[in-house]
Protein chains: 2
Amino acid sequence: MAVSMRDVAHRAGVSVGTVSNVLNRPSEVSADSVARVTRAIEELGYVRNDAARRLRAGVSATVGFVVLDGQNPFYNDVVRGAEDEASRHSIAVLHGNTDQDVRRERLYIDLFHEQQVRGLLIAPYGDVTAHLDRLAEAGIAVVLVDRFSGDGRYSSVSVDSVAGGRLAMEHLIETGRRRIAFVGGPFDLRQVNDRLAGARAAAENANVTVTLEVVATEGMAVEDGVVSGDRILMRTRGDWPDALFAANDLIALGLLQSLVTDGRARVPQDIAIIGFDDIPFAAAAAVPLSSVRQPSRMMGRTALRILLEEAADPESIPRQTVFPPELVVRASTVAR
Amino acid sequence: MAVSMRDVAHRAGVSVGTVSNVLNRPSEVSADSVARVTRAIEELGYVRNDAARRLRAGVSATVGFVVLDGQNPFYNDVVRGAEDEASRHSIAVLHGNTDQDVRRERLYIDLFHEQQVRGLLIAPYGDVTAHLDRLAEAGIAVVLVDRFSGDGRYSSVSVDSVAGGRLAMEHLIETGRRRIAFVGGPFDLRQVNDRLAGARAAAENANVTVTLEVVATEGMAVEDGVVSGDRILMRTRGDWPDALFAANDLIALGLLQSLVTDGRARVPQDIAIIGFDDIPFAAAAAVPLSSVRQPSRMMGRTALRILLEEAADPESIPRQTVFPPELVVRASTVAR
DNA sequence: AACTTACCATGAATCGATTCAGCTTCGATT
DNA sequence: AATCGAAGCTGAATCGATTCATGGTAAGTT
């Protein structure tokens, strides 16, 4: 059915070995052969069979990326960065969405294992160390994204979430806020915990008195922010916090939407809001959102680069790359 | 290095054929063998080699999805729908971003061809008929997404963009708008053209006099909307349109942001805005955005289902599935 | 003329899962 | 006791690209 190398070889009047050489190391083949083979390929519409190639080679030119939340633009940006870097190495990035579902997470890991990907990028949700260890045993490189590797067994690329939480909190305190609420969850997500921890630290180190309450959400979507915002506004006005620190921008956007509806609260005059991630939609919100930026593209690019290095050199030692977060001040915290 | 079927067979004391049978049709194997093989697999940590499997089988359990704009949440939703359906069939969806780049688009098509994907979903940007025809010749099913197949050579799943444009326009007219601007581009994107065509038709069929001007944008991102909004506001106030119809929600969000900044224009009192796609962020905007909804998840699901059917039956006849768009009215067009 | 060197081309072996014709076993039937 | 069928298992052939030991050829050297 499909055109194979054998067909091309026959048409060009050479052996299959020569066809392979033309494709993979043309410099070692005479110009004449290259021309004839190239022409035969053209005429027959030959396309390499990746499966056969991989079977022989043992590894593929594909990298897997297991993502926590495909609906969050932050992760889309990270993926995008990885793709950019990958395409420079003629490598394809295959991605799978786990949607914070442990089962799907494991499913994708196994799938990528079967496909003998060159390496795996993963923004982990559940506890997958056992699965990752199996990959490692099979010689597949693993790089954690957006999560510091606690035991240092794997390389990781992340942002210092604790520092980020501190940045956000310090900003709120500096701009005069004293009754602050952290909105986020679930707390078994490492990122959420770290951001809260940073906020707590900043509150304690401040040389003024600051209260920091925690408003727990079920998830990290816009809807969760809306619900929390509504709940906060139901309090008597004197009990309102004067600032909200959302665990990510999606929640922050939900909060914003809730507060602004019908002018129930003025942002930032009555209540300031700051998010985390600095997704593109944060700047585009009608009250542009202050946020703690993670260098998402850069993180993706870096993760992929490290992954390829480790895939090339099995002896390499895992390293933790931590980027600093960056405070981005917009109208949602500072009135103009 | 890696554990192969042969190793498992040896450990379990059976032949490789039996191991394969245990994996693929356990009902035809004795319970005893199943148990022993299962145990051996467990003990050795065996993982199937997908390359070998595919080489033999000739097709893979993978479907490719070539996407126009990975930053647009609309496409993320479509992909998500396809993934949902795919996972019910134990099929993986591999996606590639073309970012409206013809070269990358072709690159990905060829890549998927090499990988012998079971089928290809594509939201096409440039003219790729030649490439798609090659896929078809190789027996790989193709379904166009978000684009009606003009010549009917391929199946397609799309929304009636003309009707959508009409819906949006009629809504604006009904709510009293008379000086309307269509904001979008580039016009070699079919979707943009169709939406404008629908708007034109509605303007002509209205029993009141309506003007429809066109404000061309370079792309379909938030930034393009901001630029256009700024430009419109620079006119003397009497020349302002009283409504904006954006070719998609990203542009609409950009417009909104531009108008609302510093209270330069009240939305919807001074200028109404309606977008297209109804992405999740449309509802979450501080002035919730009216939009024309495309059933994105459903489109993805349907496209994948058709793709699998066609992959299973090469004789099947291409069919065009067109969903109706749905008007979603929110605060950006109707003051409360 | 004999020999060396450089350059290329060849084609069989290989990767690992799947398939299927053929074999073995064992119980049922006559 | 002979025959048959069903159930289960075996192992060689197969898919197609890559690799590499082997061999051939032409040009250059002694």
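Letters A, B, ... are given to chains in the order of the sequence lines, protein chains preceding strands, and every chain is numbered from 1.
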Quiz item: Is a side-chain N or O of A:N24 found less than 3.5 angstrom from the main chain of A:P26, in a donor-acceptor match?
Solution: no
Exercise. Please list, by residue number, the residues of residues 4-23 of chain B whose heavy atoms come closer than 4.0 Å to an atom of DNA chain D; answer none if no residue qualifies.
Key: B:V14, B:S15, B:G17, B:T18
Quiz item: How many Å lie between CD on A:E28 and P on C:dC7, as a whole number?
Solution: 11 Å
Self-check item: Beyond-backbone contact of A:L120 with A:L135, side-chain heavy atoms, under 4.5 angstrom
Solution: yes
Exercise. Using atom types as modelled and distance alone, determine if a side-chain donor or acceptor of A:R147 lies under 3.5 Å from a backbone N or O of A:P124.
Key: yes
Quiz item: Taking five pairs at each end, how big is the angle between the two axes of the helix from C:dA1-D:dT30 to C:dT30-D:dA1, to 10°?
Solution: 60°
Exercise. For DNA chain D, find the residues of residues 48-56 of chain B with a heavy-atom distance under 4.0 Å and give them by number; none if there aren't any.
Key: B:L55, B:R56
Quiz item: Do B:S161 and B:Q191 have a side chain donor and acceptor closer than 3.5 Å?
Solution: no
Quiz item: Would you say B:R153 has more than 12 foreign heavy atoms packed within less than 6.0 Å of its CZ?
Solution: yes
Self-check item: Spacing of B:Q115 atom CD relative to D:dC15 atom P, expressed in whole Å
Solution: 22 Å
Exercise. Test B:Y75 against every option in B:D69, B:D146, B:N97 by the side chain to side chain donor-acceptor pair (under 3.5 Å) rule and name the one that passes.
Key: B:D146
Quiz item: Is it the case that B:D77 and A:Q71 place a side-chain donor and acceptor less than 3.5 Å from each other?
Solution: yes
Exercise. Take atom CZ of A:R25 and atom P of C:dA9, then tell me their distance rounded to the nearest Å.
Key: 13 Å
Quiz item: Does anything in residues 76-130 of chain A pair up under ring pair (Phe, Tyr, Trp, His ring centres under 6.0 Å), and if so which pairs, sequence neighbours excluded?
Solution: A:H95-B:H95
Quiz item: Does the side chain of A:S33 get closer than 4.0 angstrom to OP1 or OP2 of C:dC8 through an N or O atom?
Solution: no
Quiz item: Hey, does the side chain of A:S30 come within less than 4.0 Å of C:dC7's phosphate (OP1/OP2), counting only N and O?
Solution: no
Name each donor-acceptor pair under 3.5 Å that joins a side chain in residues 304-311 of chain A to protein atoms two or more places apart or in another chain, with its distance.
from, atom 1, to, atom 2, distance (Å)
A:R305, NE, A:E85, OE2, 3.3
A:R305, NH2, A:E85, OE1, 3.3
A:E309, OE1, A:R319, NH2, 2.3
A:E310, OE2, A:S155, OG, 2.4

Exercise. Please determine, by modelled atom types, if B:Q320 and B:S156 share a side-chain donor-acceptor pair under 3.5 angstrom.
Key: yes
Quiz item: Tell me the salt bridge (charged side-chain N to carboxylate O under 4.0 Å, His left out) pairs involving residues 102-124 of chain B, sequence neighbours left out?
Solution: none
